[in-house]
Protein chains: 2
Amino acid sequence: MSTSEHAFNALGDPTRRAIFEKLHDRPLAVVAIADGLPISRPAVSQHLKVLKEAKLISLKTEGNKNIYELNREGILAMRDYLDKFWDDALANFKALSEAAENDKKQ
Amino acid sequence: MSTSEHAFNALGDPTRRAIFEKLHDRPLAVVAIADGLPISRPAVSQHLKVLKEAKLISLKTEGNKNIYELNREGILAMRDYLDKFWDDALANFKALSEAAENDKKQ
DNA sequence: CTTAATGGTAAGTATTAACTTACCGTAAGT
DNA sequence: ACTTACGGTAAGTTAATACTTACCATTAAG
């Protein structure tokens, strides 16, 4: 499974998107992330694991706190996938419609 | 739910990603999309519905065939979300670290 | 007109995955 | 040393969603 596949998978869940967006403004410890969310703290830990494996976030340990923050790698992997996907698709469609034009002229 | 939320949700499923990528090269009818996939044709129809609602694909009817093709709107919505998200996050972090610097100097 | 092909929707089942409680280890504070 | 705060993992349950079969409507072909 590629990085972008992991990332799409991770952001497919609304709770994980909420966690992801909580980290938008600043890095946060697990308790702070869980605060306000309608699920238990272990559930948050499990979501963090998925987001980390997708390289959408990373963590640094400070004392007994695990501070999570956004990770450029996973975000960029998705964006690049979408960019390339769309560019290639456009090129394919252009080639297809030109081939169709040629068929008509014969 | 915004367009990009719908789109992230839709591409969270591996089967839907497979369908999405099948349309990369050219528009296809439902039977052609289902061909080769290890699931029933109605299941494919249900996935197509989700992808369509996310504006990742669109359809044009030709006789009794429904031809599905990629839709720029949903793809762009995701890409723009990611772009903006990352740019803003960078700006936030920069502001944060500058504030931390100022605190030190006091 | 009849038959075959295409494909959407409904209802129910099965599988996935999100979630809970319980538990443990580590670090910080008293 | 004891206690509190932090947070990861395991095992089991619950809830979400992917899937199947059955059915129907529409269009094309015979």
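In what follows, chains carry the letters A, B, and so on, assigned in the order in which the sequence lines appear, proteins first and then strands, with residues in each chain numbered from 1.
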Is there a donor-acceptor contact under 3.5 Å from the side chain of Arg17(A) to the main chain of Leu11(A)?
yes
Rounded to whole Å, the CG-P distance (Asn66(A) to dA27(C)) equals 11 Å
From the options dT9(C), dA28(C), dC19(C), select the nucleotide whose nearest atom is closest to the side chain of Asn64(A).
dA28(C)
Proximal nucleotide (of dA18(D), dT9(D), dC6(D)) relative to the Arg16(B) side chain:
dA18(D)
Closest approach to the side chain of Pro42(B), judged atom by atom: which nucleotide of dT20(C), dG7(C), dA22(D) is it?
dA22(D)
Would you mind reading off the distance between Asp13(A) atom CG and dC19(C) atom P, rounded to a whole angstrom?
6 Å
Check whether any side-chain N or O of Thr61(B) sits under 4.0 Å from OP1 or OP2 of dT27(D), and answer yes or no.
no
Is there a donor on the side chain of Gln46(A) or the base of dT20(C) sitting less than 3.5 Å from an acceptor on the other?
yes
By nearest nucleotide on DNA chain D, pick out whichever of Pro14(A) and Ile67(A) is the more 5' one.
Ile67(A)
Side-chain N or O of Ser45(A) versus OP1/OP2 of dG7(D): is the shortest distance under 4.0 Å?
no
Take atom NZ of Lys65(B) and atom C1' of dG8(C), then tell me their distance rounded to the nearest Å.
17 Å
Just verifying a value: how many Å separate Leu76(A) CG and Lys55(A) NZ, rounded to the nearest 0.5 Å?
13.0 Å
When you compare the side chain of Arg79(B) with that of Asp83(A), does any pair of heavy atoms fall below 4.5 Å?
yes
Round to the nearest Å and state the distance from Ile39(A) atom CD1 to dT20(C) atom P.
6 Å
So, the side chain of Asn71(B) versus the backbone of Gly74(B): is there a donor-acceptor pair under 3.5 Å, distance only?
no
Protein-nucleotide distance (Asn9(A), atom CG; dA18(D), atom C1'), rounded to Å
14 Å
Whole-Å distance between dC6(D) C1' and Asp35(A) CG?
14 Å
Looking at Tyr68(B), I'd like to know whether one of its side-chain N or O atoms comes within less than 4.0 Å of OP1 or OP2 on dT6(C).
no
Any side-chain N or O of Ser40(A) under 4.0 Å from OP1/OP2 of dC19(C)?
no
With a cut-off of less than 4.0 Å, is there a side-chain N or O of His47(B) near OP1 or OP2 of dC19(D)?
yes
How many whole angstroms separate atom CZ of Arg41(B) from atom P of dA25(D)?
15 Å
Side chain to side chain contact (heavy atoms under 4.5 Å, CB included) evaluation trace for Ser45(A) with Val30(A):
CA-CA 7 Å; Ser45(A) 271; Val30(A) 178; 4.3 Å; yes
For Glu62(A) and dG7(D), what is the distance between atoms CD and P respectively, to the nearest whole Å?
11 Å
